[in-house]
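So you know, we letter chains A, B, ... as the sequences are listed, proteins then strands, and number each from 1.
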Amino acid sequence: MRLPRSFYLRDDVVVIARELLGKYIVTTFDDRLTSAIITETEAYAGVFDRASHAFGGKCTPRTEVMFRQGGIAYIYLCYGMHSLFNIVTNKEGIPHAVLIRAIEPVDGIDVMEKRLGRNSSVKNFTNGPGKLAKALGIHYRQSGTDLCSDSADRKESNTWIEERESIPINGQIRVTTRIGVQYAAEDALLPYRFLLDLIR
DNA sequence: CGGCCGATCCACT
DNA sequence: GTGGATCGGCCGA
């Protein structure tokens, strides 16, 4: 079941970040379907969050995507070489987003191996936001892609989030501060990072 | 228009 | 544990 727009339009981006754990991210680039369980997320809470690209209402050609209606992808280039995949949430005008930081591959693992140039048996195969985007065939050119359109629309999206059967979980969801946001002063201390331990 | 640097990753030590 | 890769976005002039 592909998640509907209403899932993303809700007000609390922190709740949405937590709820995205255990959901499946699916892409269909290169005529190959790849899917994976989301196991790590971070919430970025818009204009009042010093760690957000939209802090203070900063709206540029890059960050403008975050100000649109929830349920689309905000993807940007980091360190000149990594595409980082975020999901925009909340209503138009409120630039909330959730960064996906780790996934557990499910479908199309051979394609992911080809894209990453390594075997999936290695530890940390798709942890880290840059690697997982590459594994899924995601590129920052695709920023703004809708995650909710389906075959009833003119153009079906090639990236979406869906819910499947319940996942075996190891213990509780872990909550920590976000990675790499020390510049964000007191907001760097917010408990906005969520991690899921899968039983494997 | 120049220059700095980032929500990273990997190889190498 | 560290540094190199590699480049668009953003700011200040």
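Within the cation-pi definition used here (under 6.0 Å to the ring centroid, within 45° of the axis), A/Arg62 does not qualify as a partner of A/Tyr140. Relative to the six-membered ring of A/Tyr8, A/Arg5 misses at least one condition, a distance below 6.0 Å or an angle of at most 45° to the axis.
Considering only side-chain N and O atoms, A/Thr60 lies nowhere under 4.0 angstrom from the phosphate OP1 or OP2 of C/dG9. An OP1 or OP2 oxygen of B/dC10 is reached within less than 4.0 angstrom by a side-chain nitrogen or oxygen of A/Arg118. For B/dC9, neither phosphate oxygen OP1 nor OP2 lies less than 4.0 angstrom from any side-chain nitrogen or oxygen of A/Lys134.
The nucleotide C/dA13 finds no pairing partner, because no Watson-Crick or G-U wobble arrangement with both distances shorter than 3.5 Å includes it. Using Watson-Crick or G-U wobble geometry with both donor-acceptor distances under 3.5 Å, C/dT6 finds no partner in any strand shown.
Residue ring and nucleobase are not stacked for A/Tyr79 and C/dA5 under a centre distance beneath 5.5 angstrom and an angle between planes beneath 30°.
Distance CZ (A/Arg62) to C1' (C/dC10): 8 Å, rounded to an integer number of Å. Computed from coordinates, the A/Tyr140 OH to B/dG6 P distance equals 19 Å when rounded to whole Å. Note: CG (A/Leu77) to P (B/dA7) measures 11 Å, nearest angstrom. Nucleotide B/dT8 holds its P atom 15 Å from the CG atom of A/Asn124, rounded to whole Å. With rounding to whole Å, A/Leu84 atom CG is found 14 Å from C/dG9 atom C1'. Going from atom CD of A/Glu40 over to atom P of B/dA7 covers 16 Å, rounded to whole Å. Atom OH of A/Tyr74 is separated from atom P of C/dG9 by 9 Å (rounded to the nearest Å). Counting to the nearest Å, the P atom of C/dG9 and the NZ atom of A/Lys58 are 12 Å from each other.
Comparing B/dA7, C/dC10, B/dC10 against the side chain of A/Lys131 picks out B/dC10 as the nearest. Nearest to the side chain of A/His82, among B/dT8, C/dG8, B/dA7, sits B/dT8. Residue A/Met81 has its side chain nearest to C/dA5 when only C/dG9, C/dA5, B/dT8 are considered. If you check C/dG8, C/dC10, B/dT8 against the side chain of A/Arg101, the one that comes closest is B/dT8. Counting only heavy atoms from C-beta on, A/Tyr76 has its side chain closest to B/dA7 among B/dA7, B/dC9, C/dC7.
With respect to A/Asp49 and A/Arg178, a salt bridge is recorded, a charged nitrogen being found less than 4.0 Å from a carboxylate O. Checked for salt-bridge contact, A/Asp107 and A/Arg32 miss the test: no charged N lies under 4.0 Å from a carboxylate O.
Using a 4.0 Å heavy-atom cutoff across all strands shown, A/Ala51 reaches at least one base atom of the nucleic acid.
Not a single donor-acceptor pair under 3.5 Å links the side chain of A/Asn170 to the backbone N or O of A/Asp197.
For the C1' atoms, the distance from C/dG3 to B/dC5 is 16 Å, rounded to whole Å.
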